[in-house]
Asker: 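This is the structure I have questions about; it appears just below.
A, B, ... follow the sequence lines: proteins, then strands. Residue 1 opens every chain.
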Protein chains: 2
Amino acid sequence: MPELVPATPQLLRRVSAGAVLEFLRASAAVTVTDVMAATGLTRATTIAVCEDLVRRGWVLERENQREFGGYQKGRPARRFELNERAGVVLGMDIGYSKVTVVVSDLRGRTLGRSSRPFQAGEVGSRERIAFIDGVAGAALSSAGMEPGQVLAVCAGVAAPVDRHGDVVATQEFWGLFDLGLRPALKETRGWTVLLENDANLAALGDRWQGAAAGIDDVVVILASERLGSGIVEGGRLVHGTRGSAGELAYLDLVEGVGDTYGIAHLARTWAADALATTAPTTLRSVQGRVEAEQVFTAAEQGDAVALGILDRLADRMARVVGTVATLLNPELVVIGGGVADSAGVLLRPISERLKEFTATPARVAVSPLGDSIVTVGAVRCALDYVERNSLDLELAAPATPA
Amino acid sequence: MPELVPATPQLLRRVSAGAVLEFLRASAAVTVTDVMAATGLTRATTIAVCEDLVRRGWVLERENQREFGGYQKGRPARRFELNERAGVVLGMDIGYSKVTVVVSDLRGRTLGRSSRPFQAGEVGSRERIAFIDGVAGAALSSAGMEPGQVLAVCAGVAAPVDRHGDVVATQEFWGLFDLGLRPALKETRGWTVLLENDANLAALGDRWQGAAAGIDDVVVILASERLGSGIVEGGRLVHGTRGSAGELAYLDLVEGVGDTYGIAHLARTWAADALATTAPTTLRSVQGRVEAEQVFTAAEQGDAVALGILDRLADRMARVVGTVATLLNPELVVIGGGVADSAGVLLRPISERLKEFTATPARVAVSPLGDSIVTVGAVRCALDYVERNSLDLELAAPATPA
DNA sequence: GAAAGTAAATTTAGATTCAATATAAATGTA
DNA sequence: TACATTTATATTGAATCTAAATTTACTTTC
């Protein structure tokens, strides 16, 4: 933020450089003339800024300029482009049972990833941090990147995180998530770690590459095992004072909902309930516990019991969506998480049911990001940080003449 | 917003002037040395900026400098202060049945006001606008101010208003509120009119001068006849896409609530219900319809029926507060509006009941602003606009040498 | 192949703004 | 009256921007 910088002439260069960099992030290799048109700066200033950015490592100047663009008259234009390999960011999903780390370049392209389940013994903070560090190292190796190139890390956890990135342990349980990951990775790796709630990251992720692309007012409901939501309003995450905005515990009081179990959990439970009766259903043929997937598959094939479960799920989800959407008035409500792949069939019945609860029903969608919605959001969150702070960050290898 | 201004050297002066003005708004008459300490600028720059602001009418230089401050050594310091009469703002509350307009100086001090009920015939937009214009004129007269001195107007209406200040007519009913007030007053008076939802203004008002002073995450529930709420998160109003964030219609689905009637309405209704039975109560002695006030008074005197009503009200409000606070995690929930004066007695039972619904109950308060909560918020909203845009606004009488 | 045309790059001049330093002014105190 | 203290003003220098003039590098045309 340039707010804290004093109003010296250098501030001007900062503002100009920020504008140029922002344009370059949204463009491929461009000419100075392009940059001038986008920023309103003069040619002299634009060139000075671009060369400044090249010197600092954020921008590359292309050789063989004539290769680009069809226009061939006049003196060949120099071409500048964002150095998308100036550094990388890490997006982490720290779940109950496993850790996933994604390595991304500055344009958000995935360069590598690694995912490992926690071992039984790894319960202490120390062990968990070491484990996470290990997965991060593996992900970096798979991308062929060095730890020194990491510009920012964002980690998603299933606990409330306030807007300063601190885990708020409102209940003892959440304390488990306050691993001290930030100071630890700062110390050993020199990395800046941003913590964020997993549902919030899901919202950022889906808004970036999912169903809510470009939408500024959206609620994303993670709905697999437990219901939780991330709220984006006016393009910004809504955290609340202690980071627990988006929590859906109030559903205990909503008729027809009554708890915060998610779709996968309920599908399993209700299927088991049905099997305890004499109702005829193809689900009886399943070996072992009936999983949510199988309920959805059976429903597609017309199984009455499965269809009944879908019906109840749709009714429930419509109530959940209806309450959240009424209070927050998003443009879109997205259902995401591991169950999203199969939840597509719920979309129409939910929308239908929704009309009964509210006069102006919200649009509902299922996220195409599936299980990776949290890591995608974590990458976005880390990139947001880097983009906000580019001009204050030092790059590992600025302007190394090859 | 300085974002759109190109990065010319003049931008620097803008930034400096903004910083100085911001400091002056929070101070009384100050010396250049004070300003230097607050802004980090040098003496020369500070003086140039101050004189600039004096020339443009936003700042006054005090005579008889020695009157201020105890320190008497050295060359007497010049004293600068905000010209709080550089202009005025209007805060309007456009209710169902009446219009209130408050005139405020730039420090938020009330200079005058006027309030009038709509006449029976005044239903068309044209008539209503003329009526509102008349009340504004009367308020200005009572303040001894001219229409040309109005720098901004903010009007609160009981309809959804999006973040651009447009009334969103999601239901035909709201269309009534889209009077075209903004273009009309721009044309006839030259005024910039900001529209905003009344509950949202209540939130701004209470955060400024009420129970939520200085709190960045707060929900204010207007609770007299109908329940509605204004949400502030991270210091910013939450509007949603179409301006209807904060609507509580979802309460129809919440057990023990079931509708969105407010405290005053329910107190009246339930009192009437009780009187239709044979229950012994002092409320029987009331002439005509029993008003909410009287229920509260009777309860204070130990009347069993009235106490029962309070109990039901507290339970309801606790459910409302509990649901909203769980989803949004505010630091404080404020109950405001016309009923607030008497609702103080509900505070303790609501808080008690809240503990049953949620593990981490929100703090609850009643706004001290009573009926004027909306106009106070409207003034704040208009002042916010003026403060954001000072450097772009032309003053009516800049630097008139007396 | 030389001349003309075109668009970009570079140079130069001028203005604004700020910091830093030096100097002047106004007041109180010895 | 001399001196200390604080503020005000003037001067200088550096960074930055715009605008206009000039140079460069390439293409097209004759």
Side-chain angles (χ1 to χ4, degrees), chain A residues 2 4-21 29-56 59 61-81 391, chain B residues 2 4-21 29-56 59 61-81 391:
Chain A
L4 291 175
V5 178
T8 76
Q10 288 84 337
L11 174 65
L12 287 182
R13 177 50 61 91
R14 247 187 108 81
V15 172
S16 300
V20 170
L21 204 45
V30 294
T31 67
V32 172
T33 307
D34 297 332
V35 178
M36 288 168 62
T39 61
L41 298 170
T42 56
R43 174 156 255 114
T45 306
T46 305
I47 291 176
V49 168
C50 284
E51 291 181 342
D52 227 38
L53 291 170
V54 169
R55 215 170 302 123
R56 298 170 65 176
V59 171
E61 183 169 1
R62 280 276 181 128
E63 317 281 317
N64 312 326
Q65 301 94 337
R66 276 289 148 119
E67 286 179 9
F68 304 91
Y71 208 85
Q72 294 290 299
K73 286 182 191 165
R75 178 173 175 169
R78 299 163 72 177
R79 297 260 168 180
F80 293 94
E81 68 179 331
L391 299 175
Chain B
L4 292 175
V5 178
T8 78
Q10 288 83 339
L11 175 65
L12 287 183
R13 176 51 59 93
R14 245 187 109 82
V15 173
S16 300
V20 170
L21 204 44
V30 293
T31 67
V32 172
T33 307
D34 297 331
V35 178
M36 288 167 62
T39 60
L41 298 169
T42 56
R43 173 156 257 116
T45 307
T46 307
I47 290 177
V49 168
C50 284
E51 290 181 341
D52 226 40
L53 290 171
V54 169
R55 215 170 303 123
R56 297 170 67 174
V59 170
E61 184 170 0
R62 280 274 182 128
E63 318 282 319
N64 314 326
Q65 300 95 333
R66 276 291 146 118
E67 287 177 11
F68 304 91
Y71 207 86
Q72 293 292 296
K73 283 184 193 165
R75 179 172 176 169
R78 298 163 72 177
R79 296 261 169 180
F80 293 94
E81 68 180 332
L391 299 175

Asker: Roughly how many Å is it from CG in B:L12 to C1' in C:dT17, rounded to a whole number?
Answerer: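 Going from CG in B:L12 over to C1' in C:dT17 covers 6 Å.
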Asker: Please state how far atom CG in B:L41 lies from atom C1' in C:dA20, giving the value in whole angstrom units.
Answerer: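 Result: 14 Å.
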Asker: Kindly indicate, with the supporting measurements, whether the criterion side chain to side chain donor-acceptor pair (under 3.5 Å) is fulfilled by B:T45 and B:R13.
Answerer: CA-CA 9 Å; B:T45 307; B:R13 176 51 59 93; over 6 Å; no
Asker: Collect all protein-nucleotide pairs involving nucleotides 9-16 of chain C in which both atoms are nitrogen or oxygen and the distance is under 3.5 Å.
Answerer:
{"from": "C:dA9", "atom 1": "OP1", "to": "A:R78", "atom 2": "N", "distance (Å)": "2.7"}
{"from": "C:dA9", "atom 1": "OP2", "to": "A:R43", "atom 2": "NE", "distance (Å)": "3.3"}
{"from": "C:dA9", "atom 1": "OP2", "to": "A:R43", "atom 2": "NH2", "distance (Å)": "3.3"}
{"from": "C:dA9", "atom 1": "O4'", "to": "A:R75", "atom 2": "NH1", "distance (Å)": "3.3"}
{"from": "C:dT10", "atom 1": "OP2", "to": "A:R78", "atom 2": "NH1", "distance (Å)": "3.1"}

Asker: Phosphate oxygens OP1/OP2 of D:dT18: is one of them under 4.0 Å from a side-chain N or O of A:T45?
Answerer: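 So the side chain of A:T45 is within the cut-off, an N or O lying under 4.0 Å from OP1 or OP2 of D:dT18.
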Asker: Has B:T8 got a side-chain N or O lying under 4.0 Å from the OP1 or OP2 atom of D:dC17?
Answerer: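 Answer no for this pair, as no side-chain N or O of B:T8 is under 4.0 Å from OP1 or OP2.
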Asker: Flag the pair B:E61 and B:R79 as a salt bridge only when some basic side-chain nitrogen lies within less than 4.0 angstrom of an acidic carboxylate oxygen.
Answerer: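 Between B:R79 and B:E61 there is no salt bridge, as every charged N stays at least 4.0 Å from the carboxylate O atoms.
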Asker: Does C:dC18 have its OP1 or OP2 closer than 4.0 Å to a side-chain nitrogen or oxygen of B:S16?
Answerer: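 For B:S16, the contact criterion (side-chain N or O under 4.0 Å from OP1 or OP2 of C:dC18) is met.
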Asker: So do the side chains of A:P9 and B:L12 get within less than 4.5 Å of each other, counting heavy atoms only?
Answerer: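 Result yes, sub-4.5 Å side-chain heavy-atom pair found.
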Asker: How long is the line joining CG of A:L11 and C1' of C:dA19, in whole Å?
Answerer: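 One finds 15 Å between C1' of C:dA19 and CG of A:L11, rounded.
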Asker: B:A38: which residues meet the side chain to side chain contact (heavy atoms under 4.5 Å, CB included) condition with it, sequence neighbours left out?
Answerer: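 In terms of side chain to side chain contact (heavy atoms under 4.5 Å, CB included), with neighbours along the sequence ignored, B:A38 is linked to B:F23.
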Asker: Would you say the side chain of B:F80 lies within less than 4.5 Å of the side chain of B:V35, judging by non-hydrogen atoms?
Answerer: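 Answer no - side chains too far apart.
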Asker: Which atoms form the tightest heavy-atom contact between B:T33 and B:R43, and what is the distance?
Answerer: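 Closest approach of B:T33 to B:R43, heavy atoms only: OG1-NH2, 2.6 Å.
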Asker: Once you round it to whole Å, what is the distance between P of C:dC18 and CZ of A:R14?
Answerer: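 Taking atom P of C:dC18 as the reference, CZ of A:R14 is at 18 Å.
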